[in-house]
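The sequence lines fix the lettering, A, B, ..., with proteins before strands; numbering per chain opens at 1.
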Amino acid sequence: MHLTELTENVHEIAREGEMRVPTRVFASEPLLEKMREEGRTLEQGSNVATLPGIQKYSVVLPDGHLGYGFPIGGVAAVAMDGGVVSPGGIGFDINCGVRVLRTDLDYDDVRGHEQALVDRLYDLVPCGLGRGGYVRTDRDDLEGILAVGMEWMRDAGHARQADLDHCEESGRLPGDPDAVPEDAKRRGVNQVGSLGSGNHFLEVQRVTDLYDAATADAFGLREGQVVVMIHSGSRGLGHQVCQEYIRRFERTYPDLVDSLPDRQLVYAPLGDPVAEDYLGAMYAAANFAWANRQAMTQAVREAVADLFDTDAVDLVYDVCHNVAKEETHTVDGEDVEVLVHRKGATRAFPAGHPDVPEAYRDVGQPVLLPGSMGTHSYVLAGGERSMELTFGSTAHGAGRLKSRTQAKREYTAGDLQQRLRSEGVYVKARSGATVAEEAPGAYKDVDEVVRVSDALGIGTKVARMRPVCNVKG
DNA sequence: ATGTCC
């Protein structure tokens with residue numbers, strides 16, 4: 001593997017073997033070293049470069065690490081004309097994503113009430129692997145959610161129009177409920193408004209640092225303000241969609257599977273019935289994930305209204321981490337229609353892009369970047385150079401450093417919770433094992449990931465938040 | 001990530 005540094009934080013793996021394009025790794029030397037240590041992250045990036053129709057280069061972002069077939073922290077743009085879709089390039093948790101809610105509360109208003117707040121949120125939002133959601137839905141409701149996402153939530157009284165106006169894609173992609181397997185629907189019908197497990201969380205935070213006052217103001221953020229970050233996805237429904245379609249792709253293209261550098265790359269040509277069905281099901285699962293985060297937003301509104309007597313809980317923005325979308329990008333000076341696979345990657349469109357909500361058009365799309373539990377999180381703005389460098393994308397988080405198993409061996413939930421509590425952070429979790437798996441030490445340094453994104457100009461620093469209380473699965 | 005095995 002020939003890896004050369006092109007400019008600061010930009011490295012290229014030259015095309016070789018079956019690669020149709022090179023691989024670009026956007027990382028500092030320390031982050032690159034972590035990827036090398038992990039072993040196969042960079043190899044996975046180059047495997048992605050073999051996809052038919054892939055444009056320019058396979059992208060590995062600063063938080064890149066090992067995933068199913070494709071690296072997590074990866075972007076692959078394939079031509080709509082002659083390209084393919086690969087479920088591994090989107091991931092099992094379809095439209096896993098993050099939203100941030102801003103309140104009119106200051107840290108001083110919440111201080112001393114953290115335990116009551118975390119208890120209330122924990123009671124309202126089912127978390128962990130169990131069933132049940134904040135919003136009761138039946139089978140017909142689910143069909144509506146799969147078809148139109150946040151629009152169904154609004155029409156059913158679970159969302160304000162302003163929520164849709166401040167959500168990526170207005171919370172709706174062209175979902176096809178008929179393409180969603182029956183098993184997936186069964187799993188999803190009772191999970192609208194449930195957190196899940198693993199790295200998913202619901203966290204009350206306070207804004208501690210502003211780096212770009214004008215953009216922070218446009219996002220409605222100010223120092224000392226209390227905000228709420230929700231990180232969750234499409235739960236069992238999205239997982240089942242991914243799993244069943246990977247099986248369907250494998251059965252449809254057995255020869256392809258055998259010819260691939262990694263069978264987990266399995267793909268289908270765009271336009272093929274199985275590819276179109278997958279896209280419809282994947283978009284439907286994305287709609288479900290938005291409905292899920294929206295339902296939890298309603299739970300937050302209930303808790304905040306009850307405890308602090310305010311209904312000022314507004315959506316700043318909602319980003320997808322795991323999705324593929326049709327976009328127009330410039331390749332060799334020409335506009336090309338591409339299917340952009342983002343897996344563990346955040347869209348980061350710059351100021352002026354027509355897909356940035358009107359309210360933020362002049363400053364760029366908000367990019368919500370969670371750190372690990374108990375450290376801090378960031379709000380960035382889509383950067384000027386993201387279209388040129390990364391198909392309008394940046395990192396999605398700190399990136400895992402230690403495996404879940406390794407983390408469980410090294411950390412103890414009780415110790416961690418006690419230490420965080422002494423720092424003023426209240427963590428309430430369904431499972432101690434999850435707390436250990438999500439220990440800050442199991443993650444890379446989020447500050448370094450953000451520093452590189454900012455330095456590259458793909459996502460620039462706007463604000464930093466510290467945790468106040470955190471609900472985990 | 002995930003009714004951590006249909």
A:Ser234 near the nucleic acid: base, sugar-phosphate alone, or nothing, with a heavy-atom cut-off under 4.0 Å? nothing
Which residues pass the side chain to side chain contact (heavy atoms under 4.5 Å, CB included) test with A:Ser431, not counting sequence neighbours? A:Ala433, A:Thr434
Rounded interatomic separation in angstrom, taking OH from A:Tyr68 and C1' from B:dT4: 16 Å
Rounded to whole Å, CD of A:Gln191 lies from P of B:dT2 at a distance of 8 Å
Integer-rounded Å distance: B:dT2 P and A:Ile94 CD1: 12 Å
Which whole-number value in Å describes the distance from A:Asp93 CG to B:dT4 C1'? 14 Å
The answer to which of A:Arg247 and A:Arg404 contacts DNA chain B further toward the 5' end, by nearest nucleotide, is A:Arg404
Categorize A:Gly91 for me: base, sugar-phosphate, or nothing, with a 4.0 angstrom heavy-atom threshold over every strand shown. nothing
Rounded to whole Å, the CD-C1' distance (A:Glu438 to B:dT2) equals 14 Å
Would you kindly give the CD-to-P distance between A:Glu182 and B:dC6, to the nearest whole Å? 17 Å
Salt-bridge present (A:Arg466, A:Glu423; N to O < 4.0 Å): no
For A:Gly236, report the nucleic acid contact type (base, sugar-phosphate, nothing); a contact means any heavy atom under 4.0 Å. sugar-phosphate
Do A:Lys428's NZ or CZ and the ring of A:Tyr122 fall within the cation-pi criteria of under 6.0 Å and 45°? yes
Here the distance between atom P of B:dT2 and atom CD of A:Glu437, to the nearest Å, is 11 Å
Spacing of A:Gln240 atom CD relative to B:dC5 atom P, expressed in whole Å: 14 Å
Side chain to side chain donor-acceptor pair (under 3.5 Å): which pairs involve residues 136-146 of chain A, sequence neighbours left out? A:Arg139-A:Glu143, A:Arg139-A:Glu182, A:Glu143-A:Lys185
Reading DNA chain B from 5' onward, which residue's closest nucleotide shows up sooner: A:Gln243 or A:Phe92? A:Phe92
